[in-house]
Protein chains: 2
Amino acid sequence: MSRERPTIEDVARAAGVSRATASRVINNAPGASEPLRARVSAAVADLRYQPNESARALASGRPRTIDVVAVTYNQGIGWLGTHPYFSRVLAGILPVVEGFGAQVRLQLGDSDPVEHAIDEIADHAGLGVVLADITPALAARLHRRCRRTVSLVRTAPSVPGMEADNVGGAVAAVTHLYERGRRRIAAIHGPATNPCAIDRRTGHRRAIRTLGLPDLSADGGFDREGGYRAARDLLDRHPDLDAMFVACDLTAAGAVQAITATGRRVPDDVSIVGFDDSIAAVCANPPLTTMRLPVEDMAAAATRLLLAGDPPPGHRQHFPVTLVVRAST
Amino acid sequence: MSRERPTIEDVARAAGVSRATASRVINNAPGASEPLRARVSAAVADLRYQPNESARALASGRPRTIDVVAVTYNQGIGWLGTHPYFSRVLAGILPVVEGFGAQVRLQLGDSDPVEHAIDEIADHAGLGVVLADITPALAARLHRRCRRTVSLVRTAPSVPGMEADNVGGAVAAVTHLYERGRRRIAAIHGPATNPCAIDRRTGHRRAIRTLGLPDLSADGGFDREGGYRAARDLLDRHPDLDAMFVACDLTAAGAVQAITATGRRVPDDVSIVGFDDSIAAVCANPPLTTMRLPVEDMAAAATRLLLAGDPPPGHRQHFPVTLVVRAST
DNA sequence: CTGAAAGCGCTAACAC
DNA sequence: GTGTTAGCGCTTTCAG
């Protein structure tokens, strides 16, 4: 057997048609009769033909890839290896793209300044770009240069986006704690500039206002260390608190460690609700009650949207955030 | 300003040279005088020229990408989203590739049968393929069709590989427990077919033999649930055990939960050492003493090797596995 | 509905 | 050293 991969030329010859016709049926584009379609398909199967993606990309002016962009915002590349979010995004995207016969490309977007990285990604985009976690301003910039873009977090009005009910989730979390009889409920919030964190903060504020609870808040970022520190601090300032709402499971895992370190028990003395339902929630001890963010579903939906054609500007798709009860409450 | 991206033709014209010369300096290949190099470089900067990767790929017969392959072995795509390993691999690879001006492509390799997926990846490979976690047999198959391949786990003799000292790590872990005064040391092993797990098993056996310890083993897979189950089981069968060596942090996190659930304290009653030093280790409560696998370093080294040219068959690079002491011992 | 032919932007032989 | 030229394998007008 020949070592060379067959080209579309070979397929056309084998099927006794022109390259154009072969191309049409391979891309199942209109304009080919049933009999010819059958012959071409047979030839494809026979020769085990697989299109050369590079040639396709050049000819059509666009690689058949979905670009996933992760902006690091100077947090260093480390966060990618430690934060459970990104791999869930990939887990959602990969099967969809694979099923479509396209490919996944990873873009870092951390060169300095970020704007250049974003512009370059936009100019080279393939079938579409998925924004894993990006500021509205940057998303808008990218979307201006490349329409086929979807954000997985709340974003600028023009940019198509998958939106989870972070506000509602935070309300539900605090309410759950309240219903468990807790009244001294503290909160550990995420980064002040992160859209998800902002919404969870909003939800928290709304809930304590509604329930008539005091505002016992601290900032913890979205990492474990921040959670540990914030929890220690909170416990120092309010030794009588009996619950914590934490805006991220990773942070919550740190908070649990801090609570335990002060000799308190979870959930008996302090109960705690996290957010995300990531691997961190189930690794914590006790495992965390948390608000499930359907990251995989959102990423998969974003990908499908992109694969289906140009998403209309401002398109929105909404996702619920649901309570998952474990041992920490 | 024109919306069209400049081509190499534009650069050549602006610099007053031929396309070939422009190409040479852009790829900084030999065969261009200093003065011309300068003129071309100026034109590149001036026009903000960026090569069209699709055209490059087609002309040179190979896309400028590093392909990262994750084989799921029917575990479903979920593991990718929950197991901390894969994202550490990416965190190691991305900066290196980015610095080189190449791209990262993700390959799933889970179609049925796996062999086809592997063959297809080999036939379409770009600058090189990084095998995140693959059986020796599959790695060998891929390497046969594509020389520029590196495995991150112990693999077939012919396949270039990055090898961490898993055996030594396991020995060190058990020894650490022994030095802490523990004598009833149980072990929770990983999947019987996983090369890393096998080596850690070997190390464990070697250590208990050397130290004259009984073999108290159970199988836990590489996930949290398995760790929980195995630990409960072990505790049932050997209520007097005073330590556990667990072949994966995720599994160890589950084991800690199980130990706690039986009313025992970590590390007072049972101390525990994990393996990997992943995010799971620091999310556990208490945080886990563990054997650090330098995944990011290994992935980065593999990438550099690939980017430097075809790695010689059988090439090996060794990495230490070091003890990180935290609160679980 | 089908085929012929013109590139897509670049690399790499090959001449000069 | 430098330029000319022939493709890489495919998509996509444009005729027929």
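Basis for what follows: all heavy atoms, side chains included, without hydrogens, waters or symmetry-related copies. The structure presented is a predicted model; accordingly, all values stated were derived computationally and were not measured. Every chain is numbered from 1 and lettered A, B, ... according to where its sequence line falls, protein lines coming before strand lines.
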If I take atom NE2 in residue B:H124 and atom C1' in nucleotide D:dC8, what distance separates them, rounded to the nearest angstrom? 15 Å
Among the nucleotides C:dT11, D:dG3, D:dC10, whichever has the atom closest to the side chain of B:N27 is C:dT11
Give a yes/no answer on whether the side chain of A:S60 brings an N or O atom under 4.0 Å of OP1 or OP2 in D:dT11. no
Under 4.0 angstrom, heavy atoms only, what part of the nucleic acid is A:G31 near: base, sugar-phosphate, or nothing? base
Between P of D:dG1 and CG of B:L36, the distance in whole Å: 10 Å
Think A:S23 has a side-chain N or O under 4.0 angstrom from the OP1 or OP2 of D:dC10? no
Separation of A:R56 atom CZ from D:dC8 atom P, in whole Å? 18 Å
On the nucleotide C:dG9, are OP1 or OP2 found under 4.0 Å from the side-chain N or O atoms that B:T7 carries? no
Could you work out which one of D:dG3, D:dT12, C:dC10 sits closest to the side chain of B:T21? D:dG3
A:R19, nearest nucleotide to its side chain (from C:dA5, C:dG3, C:dC10): C:dA5
Assert: residue with more 5' nearest nucleotide on DNA chain D, out of A:L58 and A:A20, is A:L58
Inspect the contact between A:R105 and A:D67 and indicate whether a charged nitrogen and a carboxylate oxygen are less than 4.0 angstrom apart. yes
Starting at the 5' end of DNA chain C and moving along, which residue's nearest nucleotide shows up first, B:S54 or A:S33? A:S33
Side-chain (A:S23) to main-chain (A:R19) donor-acceptor, under 3.5 angstrom: no
Pick one: which of B:L306, B:V97, B:I66 meets side-chain contact (heavy atoms from CB on, under 4.5 Å) with B:L127? B:I66
Side chains of A:H116 and B:R48: is there a donor and an acceptor less than 3.5 Å apart? no
Could you tell me the separation between the CD1 atom of B:I8 and the P atom of D:dT4, rounded to a whole number of Å? 14 Å
Between CZ of A:R24 and P of C:dC1 the distance, given in whole Å, is 10 Å
Tell me the interatomic distance from B:E9, atom CD, to C:dG7, atom C1', rounded to whole angstroms. 13 Å
Between C1' on D:dT2 and CZ on B:R39, what's the gap in Å once rounded to a whole number? 11 Å
Could you check whether A:R141 pairs with A:E115 (Lys NZ or Arg NE/NH1/NH2 to Asp/Glu carboxylate O, under 4.0 Å)? no
Counting the atoms with a prime plus P, OP1 and OP2 as sugar-phosphate, which does B:A32 contact under 4.0 Å by heavy atoms, base, sugar-phosphate, or nothing? sugar-phosphate
Spacing between A:R62 atom CZ and D:dT11 atom C1', to the nearest angstrom: 13 Å
